[in-house]
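The chains referred to below are lettered A, B, ... by the order of the sequence lines, with proteins before strands, and numbering in each begins at 1.
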Protein chains: 2
Amino acid sequence: MSSKLSKLTKRPFNPSSDAGWRINSSQTKYDTPWIRVAEYEAVAPTGVPATYGVVVFKNLAVGVLPLDADGMTYLVGQYRFSVGQYSWELPEGGCPVDEDPILSAKRELSEEVQLKANNWLPLFSNVHLSNSVSDERAFAYIAWGLSKCNEHAADDVEQLKIWKMPVGQAVQMVVNGEISDAFSLAILLKADHLWRAGKLPVEVAKAFEAGQV
Amino acid sequence: MSSKLSKLTKRPFNPSSDAGWRINSSQTKYDTPWIRVAEYEAVAPTGVPATYGVVVFKNLAVGVLPLDADGMTYLVGQYRFSVGQYSWELPEGGCPVDEDPILSAKRELSEEVQLKANNWLPLFSNVHLSNSVSDERAFAYIAWGLSKCNEHAADDVEQLKIWKMPVGQAVQMVVNGEISDAFSLAILLKADHLWRAGKLPVEVAKAFEAGQV
């Protein structure tokens with residue numbers, strides 16, 4: 001891994017005092033393999049004392065918009081424990097902070113929809129999913145030039161359904177409120193924007209055109 | 001408040017056993033006025049035991065895309081403690097779960113950019129910002145017919161800058177990665193999609209057209 005990438009993905013939570021917040025103390029309040037809750041006694045830039053609980057993520061979030069030449073994409077359906085409901089999403093997963101997010105994206109594409117891709121276009125880098133209390137950062141890609149792949153076994157707590165559909169139909173599901181996962185809907189909307197603004201590579205733009213419904 | 005709305009916004013975290021997860025026990029591990037961390041001993045739909053820490057939010061997230069007749073919008077700049085960096089975002093804030101999200105949206109628009117609006121178009125409802133570990137839900141609106149308003153004082157821990165710019169420039173900031181807040185970028189991209197697809201009210205579409213750069 002390049003040192004540039006390592007710097008990009010490893011950046012720990014480190015509030016800087018020169019940003020106006022003064023940190024008096026910090027304490028770990030909860031710790032799991034996925035998250036840590038850190039509580040800070042701090043003074044806000046306005047001079048007001050504030051206790052700030054931050055959810056520190058141990059993985060990056062990665063997401064993939066797979067797209068075949070006919071404009072078909074793949075949604076993954078699962079019951080999301082945290083929100084207590086079923087959710088249709090793009091292939092997504094966690095990436096160890098010392099790994100290149102694209103390697104995790106490739107693994108998730110293989111694990112969740114049994115595909116590999118010849119081409120990858122970065123779509124989001126260092127996007128903050130919920131910055132009022134968490135430091136979670138997300139990376140996303142469009143993947144095309146797809147073929148079958150059986151390299152990775154499914155996660156043992158996931159029970160996934162796969163739904164192959166035209167990419168335009170997935171965008172419509174965003175518009176209609178049928179996709180509630182913010183990361184998935186942001187990926188679909190950014191790809192759709194780039195297509196409508198004529199900013200996608202020719203091959204991807206043709207697939208997007210073919211996938212309109 | 002109507003009972004329909006109350007049902008919509010008050011929905012507590014309540015994983016249903018018929019979704020395949022079996023809950024053996026739960027415990028509060030951390031508690032603040034904003035979040036609670038609940039830990040569940042559960043059995044996944046695949047039969048595998050799993051300890052699941054869920055960040056339960058005590059407020060809904062609300063966001064507003066203000067738009068004047070010339071296509072200008074307003075970004076709010078602030079240092080985000082949780083991610084340790086400066087962030088340009090749409091006016092956003094928290095909404096008590098027993099309040100209609102549009103009331104909070106109106107308050108945030110007034111508090112953060114000193115504006116009120118005659119017209120409100122719902123854009124997102126019940127979007128999950130980070131569903132791998134949190135139950136945070138977001139609501140967003142386009143607001144137009146803007147006028148000055150000094151009804152609400154600013155939050156005492158916030159030090160905000162206001163940046164008035166054409167809406168097309170804000171969308172370009174999303175495309176260029178200069179807006180890292182997922183909620184803000186999703187709002188801008190959805191509004192942009194509706195405009196490009198000819199699905200916005202005529203007055204809003206005209207403003208969007210005027211705000212292209």
Side-chain angles (χ1 to χ4, degrees), chain A residues 13-16 19-21 29-30 32 34-35 37 42 44-46 48 50-55 61 79-84 86-87 94 124-138 156-159 171 174-175 177 180-183 185-186 189-190 192-194 196 199, chain B residues 13-16 19-21 29-30 32 34-35 37 42 44-46 48 50-55 61 79-84 86-87 94 124-138 156-159 171 174-175 177 180-183 185-186 189-190 192-194 196 199:
Chain A
F13 173 63
N14 182 24
S16 159
W21 284 84
K29 292 289 191 174
Y30 184 62
T32 76
W34 300 278
I35 57 167
V37 178
T46 53
V48 174
T51 300
Y52 219 125
V54 176
V55 181
Y79 180 81
R80 281 286 187 183
F81 186 86
S82 302
V83 297
Y86 203 83
S87 181
F124 282 123
S125 175
N126 266 314
V127 157
H128 300 117
L129 294 182
S130 174
N131 67 12
S132 71
V133 303
S134 99
D135 74 344
E136 189 180 16
R137 292 179 292 137
D156 67 357
V157 298
E158 290 177 332
Q159 203 168 50
V171 173
V174 173
V175 172
S180 64
D181 171 49
F183 188 26
L185 68 83
L189 288 172
K190 183 161 182 188
D192 179 79
H193 169 89
L194 295 178
R196 288 175 189 264
K199 290 177 184 170
Chain B
F13 173 64
N14 182 22
S16 159
W21 285 83
K29 292 289 189 173
Y30 183 63
T32 76
W34 300 278
I35 56 168
V37 178
T46 52
V48 174
T51 300
Y52 218 125
V54 177
V55 180
Y79 181 81
R80 280 286 187 182
F81 187 86
S82 303
V83 297
Y86 203 83
S87 180
F124 282 123
S125 175
N126 266 316
V127 157
H128 300 117
L129 295 183
S130 174
N131 68 12
S132 69
V133 304
S134 100
D135 74 344
E136 189 180 15
R137 292 178 293 136
D156 67 358
V157 298
E158 290 177 333
Q159 204 168 50
V171 173
V174 173
V175 172
S180 63
D181 170 50
F183 188 26
L185 68 84
L189 288 172
K190 184 162 181 187
D192 178 80
H193 170 89
L194 295 177
R196 290 175 188 265
K199 290 178 183 169

Which atoms of [X] come close to chain B, meaning under 4.5 Å heavy atom to heavy atom: side chain ones, backbone ones, both, or neither?
{"X": "A:V37", "value": "side chain"}
{"X": "A:A61", "value": "neither"}
{"X": "A:F124", "value": "side chain"}

| message | Rounded to the nearest 0.5 Å, what separates atom OG in A:S132 from atom CZ in B:R80? | response |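 The distance works out to 6.5 Å.
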
Q) For the atom pair NE2 (A:H128) and CD (A:E136), what is the distance rounded to the nearest 0.5 Å? A)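 Result: 10.0 Å between the selected atoms.
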
Quick one: what part of B:D181 sits under 4.5 Å from any heavy atom of chain A, side chain, backbone, both or neither?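 Both parts, heavy atoms under 4.5 Å.
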
Does any heavy atom of chain A fall under 4.5 Å from the side chain of B:V55, the backbone, both, or neither of them?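 Side chain of B:V55 only, per the 4.5 Å heavy-atom cut-off to chain A.
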
- Side chain proximity check, B:H193 to B:L189, heavy atoms < 4.5 angstrom: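 With C-beta onward as the side chain, the pair stays apart.
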
Any side-chain heavy-atom pair from B:T32 and A:T51 closer than 4.5 angstrom?
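Result no, sub-4.5 Å side-chain heavy-atom pair not found.
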
### Message
Looking at every non-hydrogen atom in both residues, tell me the closest pair between A:L185 and B:A186 and how far apart they are.
### Response
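Taking A:L185 first and B:A186 second, the nearest heavy atoms are CD1-CB, 3.8 Å.
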
(Q) Let's test your reading of the structure: which of A:K29, A:K190, A:R196, A:K199 forms the most heavy-atom pairs below 4.5 Å with chain B? (A)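 Highest number of heavy-atom pairs under 4.5 Å: A:R196.
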
Top contributor to chain B interface from A:I35, A:N131, A:V174 [non-hydrogen pairs under 4.5 Å]: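 So the answer, after comparing A:I35, A:N131, A:V174, is A:N131.
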
Residue list, ring pair (Phe, Tyr, Trp, His ring centres under 6.0 Å) with A:Y52, at least two apart or on another chain: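 In terms of ring pair (Phe, Tyr, Trp, His ring centres under 6.0 Å), with neighbours along the sequence ignored, A:Y52 is linked to A:W21, B:F81.
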
